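Heads up: the structure comes next, in structure tokens.
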Amino acid sequence: MLYNYLLPIILVLALAAYLKGSGRAKELWRQDGLRSLHSLPLYHGLFVAFWTAVPALAIWSLWQMAEGHLLTLAVKRGLPQELQSLSGNEFSLVMNDVKNAIRGDIVTSLNNATATGSARLYLATQQGWQSLMAYLSLGLTILGFYLSYRNISLELRARNIVERLSTIFLMLCSAVAIFTTLGIIMSVLIESIAFFREVPVLDFLLGLKWSPQTAMRVDQAGSSGAFGAVPVFAGTILIALIAMAIAIPIGLLSAIFLSEYASEQVRTWVKPLLEILAGIPTVVYGFFAALTVAPMIRDVGSNLGFAVSSESALAAGLVMGIMIIPFVSSLSDDVIHAVPQSLRDGSLALGATSYETIKNVVIPAALPGIVGSVLLAVSRAIGETMIVVMAAGLSANLTYNPLKAVTTVTVQIVTLLTGDQEFDSAKTLAAFALGLFLFIFTLFLNIIALYVVRRYREQYE
Amino acid sequence: MPAGLITALPNQLRAITMQLRLDTNGELSETSQQTVGVPFVENARMTCRKVDVHYGEKCAIKNISIDVGRNEVLAMIGPSGCGKSTFLRCLNRMNDSLASCRVSGDITLDGVNIYAPTVDVVPLRAQVGMVFQKPNPFPKSIFDNVSYGPRIHGLATGKADLSEIVESSLIKAGLWDEVKDRLHESGTSLSGGQQQRLCIARAIAVSPEVILMDEPCSALDPIATAKVEELIAELSTQYSIVIVTHAMQQASRVSQRTAYFHMGSLVEVGATEKIFTNPGHQLTEDYITGRFG
Amino acid sequence: MPAGLITALPNQLRAITMQLRLDTNGELSETSQQTVGVPFVENARMTCRKVDVHYGEKCAIKNISIDVGRNEVLAMIGPSGCGKSTFLRCLNRMNDSLASCRVSGDITLDGVNIYAPTVDVVPLRAQVGMVFQKPNPFPKSIFDNVSYGPRIHGLATGKADLSEIVESSLIKAGLWDEVKDRLHESGTSLSGGQQQRLCIARAIAVSPEVILMDEPCSALDPIATAKVEELIAELSTQYSIVIVTHAMQQASRVSQRTAYFHMGSLVEVGATEKIFTNPGHQLTEDYITGRFG
Amino acid sequence: MNTLASIQNSAKLQSRYRKDRCFRLAGVSAIAVALCFIAFLFSDIFTHGYKAFEQTKIELEVELRPADFVGENLRLANYPAMVKRSLYALFPEVTDRQDKKSLYRLISPGASFEIQDKVLADPAIIGSRLKFWVPANDDVDMLMKGEIDRSLPQANRRVNDQQLAWIDSLVANNKIEMVFNTTFFTAGDSREPELAGILGAACGSFYTLLITLCLSFPIGVATAIYLEEFAPSNRWTDLIEVNINNLAAVPSIIFGLLGLAVFINIWGIPRSTPLVGGLVLSLMTLPTIIIASRASLKSVPPSIREAALGVGASKMQTITHHVLPLAMPGMLTGTIIGMAQALGETAPLLMIGMIAFIVDIPGGITDPSTVLPVQIYLWADSPERAFSEKTSAAIMILLLFLISMNAAAVFLRKKFETKW
Amino acid sequence: ARDYISVVGSSTVYPFATVVAEQFGKTTNFATPKIESTGSGGGFKLFCSGLGVNYPDITNASRAIKSSEFNQCQANGVGDIVEVKIGYDGIVLANSKERAPLKLSRKEIFMALAMQVPDPQDPTKMIANPYKTWRDVNPQLPATQIEVLGPPPTSGTRDAFVELAMESGAKQFDSIKALKKADKKAYKKICHTIREDGAYIEAGENDNLIVQKLQANPAAVGIFGFSFLEQNADLVQGSFIEGMEPTFEAIADGSYPVSRPLFFYVKKAHVDVIPGMKGFLAEFTSEKAWGDEGYLADKGMIPMPEAERAEYAQAVKELKTLKK
Ligand SMILES: Nc1ncnc2c1ncn2[C@@H]1O[C@H](COP(=O)(O)OP(=O)(O)OP(=O)(O)O)[C@@H](O)[C@H]1O
Ligand SMILES: Nc1ncnc2c1ncn2[C@@H]1O[C@H](COP(=O)(O)OP(=O)(O)OP(=O)(O)O)[C@@H](O)[C@H]1O
Ligand SMILES: [Mg+2]
Ligand SMILES: [Mg+2]
Ligand SMILES: O=P([O-])([O-])[O-]
């Protein structure tokens, strides 16, 4: 019972501890006059609240993670021998049954006596453990509170402690990105290696033909397939370039117009409107590209005498460009807006036109942010799938003609992973290899971008 | 009021009794003051008539009428916050970029109303240059800071030409020796006084015909100050200069005429000598003798 | 060099012949100069020994050794770009926030080396307050600008207390009358001189024990300047003050000791009177008589 | 000496002005292009989707004979039979088995569920004769909405001539009418277009995005602050920076793979739940938020930091009191865009089982659920014609969701904006 | 505790399985099963990962389980699997109603779409597919460009199409037929490889999109499931294959040659444990679902002959497990 409310109780106790701690500090402060206290009462409060809540929360969450496992062990002992000997996963079915029995409304496979017996055992054990945990964590809150509260004194460097803790928190947060990367590499690396056992790396990297038509069944024998990734990467670059050719000018010009020319009123309304573009589901864009833009391009093209395939890189790239406009426009608008007015004044006072001011002063000053937003947009273009699947097709043509159908890395990954797949055929594994090399490819792009930005950064005061 | 009529007015309007009445908000009361001294000159380069500036609701300067003569240095003095910078910024419409700022009245340059809707601010500002109170170098190299103006106005025909302009401007501003070896470092990495001189160099590099300087020597040591004053003297043979300064000595050294501002109004204008030796208004006298406040 | 030893040194080291040799880069040559005058005092509040500061590769100040005494006003003068601000910023470790800036040497406050790794800069900066050369008010209300320091240091126990501190600080900085009706307007909407005084008020609101002022009166008119000088005199009865100024008169009015910097080195330090009447070094003499450059 | 007027007329100046004007014009047209696109897309979606908010209903008089309800379990009664009986009563002339089947096709299979629900809610009505407005089948609905062309030959039409005649007679007798489609807003997914609703997906999106927001905003901002303000600038920091930029380019489906491997297989979080969806999407949005936040932290002028440090604020205080408020607009922009992306994303959810048919409305973060874009994706892939208008309507709901989500952030952003 | 059935697998079976699930959920006390559309291969991968609540109970498939998959299942302890065939899905070629319907033979389909075809001059020699228009393939056909929108190589539908249409078409060339005995690998390669010169456009697996693309481009032909043809009878028409129009009846009685069986696979160990499994299986295999007049037929699934239905219904009742 108590256990169910443990989380809110701990939080309320932490709040109380905060109030108590800061109250105590305030009291000391009043007694001993100005500057006597090393840190503000706020920090003393946070210090106490931290020690009140965190150990208890840690124990609580550890228990949360371990509970299922421990309870299973406990219940297992009360079950018939043949059930006990089941393997872990199979036993989970029995446990599922027991849990369903506890809920009471569902027929189970266990015979009634066993089921109710186990259910009772489960409940009893759970209750026992849980109340133990509840008392343990409450005890910890009290202990934590007591120990930290005792420490409050004029000299306690509470601010330093709290700031140290927050810095650790910040550090941990930035570790998330690192772990994500590691996770991604791990989740594609093993399969990629398996893939390269079947297809030589060089064939993959330098091959000009992509046709993952391998046999899927032993009896299918079938075609052997070709895994040259060049056309796939070329297609990715082509489409991303088209998208950027749309998004960068439109996005940047919009950003500049909004922050430099437009009235505050216009900016207030237009900016969020543009941001809607980023949130329209890509499926919707895909339909639009495939059913409206692509036929339009084909009609226009054939009227002009070009051979346009009904699925073209141009259609997909155009629509994708529209989709990523807000990445450029909104993020750039923010950084441009943040350029101090004194810089603009400096330029305008020399008789520069707004255009010259923007080009020579404002944009360079805002450059790192702008480049960041453009990079983000490029990234998004490289990572986008649905639009290309629907509008540019899946055929891996090695071409720089935007009127032809091409395919991209992400599209191939998605179709390989969602189509009829097999655990270890090169066809499925190719998805992971593509993922890995895309990762490496964008890594290079980003390293280059980093150095470019470093070089041209103009830091204002 | 047409400019012709004004300049035709007799030069003898002076010592008109004036009363400053402050209402409870410390704002100027409606009964407007008249300026003591000789606000108008013959053959004026710029004329200002009844200029009021409001920041939002608040009136920053009120009913300022004054001329800037040809080839003269006009000094503006007055206690901090009295509206000198505000007025200065009106003269090349720098206030346009402040959304909350409204300017009314007439200001002309060579007889053209610079606030007329048809007037382009770009040539206006090229003609009426400005040095701001707070140095604001661009986060670019020192060279680019100075060459920026000449470049956009196409004043240099080539690279060499441009370098020449940059060098001569920096020399005039007295900064050349200090920076000649580091022209490609960022302007923001200079010391406070160096930045100020950089801004002066930047402004004179486009050879404006009227130069507005808002405390151009505030961060300068006496030697650098002397250089700038020399520059002012040299420029004033050809151009008109309006300079805001807190140093009375500076005003008396460099200017032909001095204007005294007080709480948003122009209290007195006159020949510098006259102002500093025999001021026409009690407030002016109090201020220059340091008895005020 | 241990501080104890230094303060025990005879006070008579003066008029040592010194040669300034500049290499082609305009940088100081290796053969270092020694400071003329009395750089060290007994019972010093802060001591600096052999302080060098580099911006990246460039050496901005070199081998500075000087003390700041208790309850004294130390003025720092010198041509623009000579390293006064750089040195001042070392005294409360403001240079830490510039990535390119490296400080070496020892600086102590009450005998504690402030660059020791164990030192917490926060209480240090609360003790050693600073007014920057360029006024930099927060884009917050005037009230918040001034009350920020007291609030984070817990100097006020309540709202009323805080208002009192704000009011008294603004009064001391001579800004109260101008802003008392607009305490909730943004600090950035003030005039240049008002901003400067706001920054002074902000710095003294935390009652630091050493106050570093980088040209605090550069944008102030004589009257406001007088107020600030009054403030400095008042504060110096309890605290130590280091002030950078370009106005010799100001230095002679407010300071007990004066230090003359030249191209990154400390040329001469001594009692203000002595410096201005009988300087020990040729460069100092040239500078104060205006013959330099 | 040239005068103001003469300078104004110089050709050079004119050309500079022209550039300025062109530039401005380019800005306006860029915005116009983007806005036109939005307007076009919106109107397209609206014209396709508004009809989904109406629904055709047919009036049936059903007799709930007690004999039909044998046994305790009221669910086991043959409700379809009751519907059929009352339908045949309307058209007694239909006797042929094939024709009867055709006739029954006019009514949605949901009709019997509706009656069942009524009976379960109030068993007392058993034995009475009641009038019900039951949903018509999707083909009838399409016909009533004019989506089916009566002039086509019968073979090419989903509604045959006989059915047309019956419908006409129902229309003549006022037994068929169009009403506001409440089902769409209160039901979960269904394979019958007339019974399908958006609530399940909307709830799923809500829970998923709640988790995404709660994780990605604080973590993203914290990471940005650490990297921009605390991290020593060295190779490691560069590596992390490049690495985060690189994460932004990782295809979203790979995040799905990661989620499958880590959250489901290692952590044991159940598949298809908003919890795991939210985790995956927050990993995906993190780079966007981090990059935007870093850019806006960078654009806070150092003088502000110095001012705060100069009065003795600690680094953390400087950041929380001065830098963060000034950088907040940019951070919120990053969040808006990141969340918008998360709201519209389907690919990563594929791997973690959220591309699924789920009828029951999720009640929490560990119930199986889908999200709006998945619902759109699934409906768009359904053979039934009537799903196409549902698809558009679902897009409208998603946009509504997006707009209300953004509105809050935009409002906050406006509050934080300062110009100095 | 999981109290709902978890189904994964084929996107082709998905629209049928979901109807059953919905029906089951609404007419019983059990929760509606959760049905994921992962593709047949993905479904098997999940299904065969192990026993237990964390793994699905049922997987749908548009093809029979492969032996490698079966072995994988065994290796992971998923021993007893019940195979249930539920019906057929017709694969149709269709074009816009603005043009006349195509009348094709499988041989012509092969000639139009294969990567390599026998040289008309010398049928023993294989050449790269030279045919540009349908008329090149057969003078009776219209002179429009060959432009076929079909599933990508990763799709099960494609595999089925290749096997049912192309391979049997190819076999009609004696030279290829002879190859079958001589070099099975080369034979398969010829039969199964679709041309990549742009005539065959890989169009993703959204069949509605293909239908709409056909409308936009009347010259094109699309390959998709019968249910989409049925729903869009006013826009597109099925091509005749071997003289047969793809109608419900023609597919059901086997006279339309291109159709494939649909299956689902059940973990026997889960049947008694996951609530509602029995009921769901019963619902799926009931006449009102998969019967000739059942609701699955309404949704476009082609029912099995009655005898086959009875056989599988019995197998489900007994939970007869698959042996390999
Ligand atoms: N951030 C910086 N990066 C590189 N060099 C710098 C930087 N700041 C100052 N300098 C250089 O260091 C030297 C000393 O500068 P400092 O600001 O200390 O001068 P100062 O004595 O305060 O001059 P002023 O009176 O003009 O303010 C100057 O040459 C200046 O150009
Ligand atoms: N952007 C602004 N918004 C609102 N009020 C302003 C703004 N700028 C200046 N003011 C106010 O207008 C008045 C005049 O300011 P101005 O800057 O012209 O003074 P100043 O004479 O230049 O003073 P200083 O010598 O201190 O620079 C002051 O009271 C100031 O607070
Ligand atoms: Mg001013
Ligand atoms: Mg300085
Ligand atoms: O999803 P499928 O395996 O049926 O193509």
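Note on naming: letters A, B, ... go to the chains in the order of the sequence lines (proteins, then strands), and numbering restarts at 1 for each one. Worth saying up front: this structure is predicted, and the values here are computed from it rather than measured. Side-chain atoms are counted along with the backbone in the values below, which use heavy atoms only and exclude waters and symmetry mates.
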Which atoms of [X] come close to chain D, meaning under 4.5 Å heavy atom to heavy atom: side chain ones, backbone ones, both, or neither?
X: E:A31; result: both
X: E:S6; result: neither
X: E:P33; result: backbone
X: E:E293; result: both

* To do: Output yes when E:D234 and D:R158 qualify as a salt bridge under the 4.0 Å nitrogen-oxygen rule, no when they do not.
  =>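 No, no charged N to carboxylate O under 4.0 Å.
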* Heavy-atom distances under 4.5 Å only: say whether D:I148 touches chain E with side chain, backbone, both or neither. =>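 For D:I148, neither part sits under 4.5 Å from chain E.
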* To do: Answer with side chain, backbone, both or neither: which region of D:S190 has an atom nearer than 4.5 Å to a non-hydrogen atom of chain E?
  =>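 When you check distances to chain E, atoms from both the backbone and side chain of D:S190 fall under 4.5 Å.
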* Using a cut-off of under 4.5 Å for heavy-atom pairs, which of E:N232, E:D207, E:V8 has the most such pairs with chain D? ->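 Highest number of heavy-atom pairs under 4.5 Å: E:N232.
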* Asked: Who among E:L209, E:N29, E:V211 has the most heavy-atom pairs with chain D under 4.5 Å?
  ->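 Highest number of heavy-atom pairs under 4.5 Å: E:N29.
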* Begin with the C-alpha distance, continue with both residues' side-chain angles, and end with the deciding distance and a verdict on side-chain contact (heavy atoms from CB on, under 4.5 Å) for E:D298 and D:R105. => CA-CA 10 Å; E:D298 283 349; D:R105 285 242 178 85; 2.8 Å; yes
State, to 0.1 Å, how close [X] and [Y] come at their nearest heavy-atom pair, and which atoms those are.
X: E:S227; Y: D:P383; answer: O-CB, 4.0 Å
X: E:K34; Y: D:P368; answer: CD-CB, 3.8 Å
X: E:E22; Y: D:E192; answer: OE1-N, 4.0 Å
X: D:R191; Y: E:T18; answer: CD-OG1, 2.8 Å
X: E:K26; Y: D:Q116; answer: O-NE2, 3.0 Å

* **Close contacts, residues 354-361 of chain D versus chain E, judged by heavy atoms under 4.5 Å** =>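 Those residues of residues 354-361 of chain D which have a heavy atom under 4.5 Å from chain E are D:I355, D:A356, D:F357, D:I358, D:V359, D:D360.
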* Of all pairs that satisfy ring-ring contact (aromatic ring centres under 6.0 Å, His included), the ones with a partner from residues 375-395 of chain D, not counting sequence neighbours ->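 Passing the test, one end in residues 375-395 of chain D: D:W379-D:F387.
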* Asked: Can you tell me how far the CD atom of E:E230 sits from the CZ atom of D:R385, to the nearest 0.5 Å?
  ->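 Output value for this atom pair is 12.0 Å.
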* To do: Output the distance between atom CZ (D:R271) and atom CG (E:L46), rounded to the nearest 0.5 Å.
  =>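 So the gap between those two atoms works out to 4.5 Å.
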* Got D:F113 and E:Q23 here, is their nearest side-chain heavy-atom distance under 4.5 Å? ->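 When only atoms from C-beta onward are counted, E:Q23 and D:F113 do touch, with a gap below 4.5 Å.
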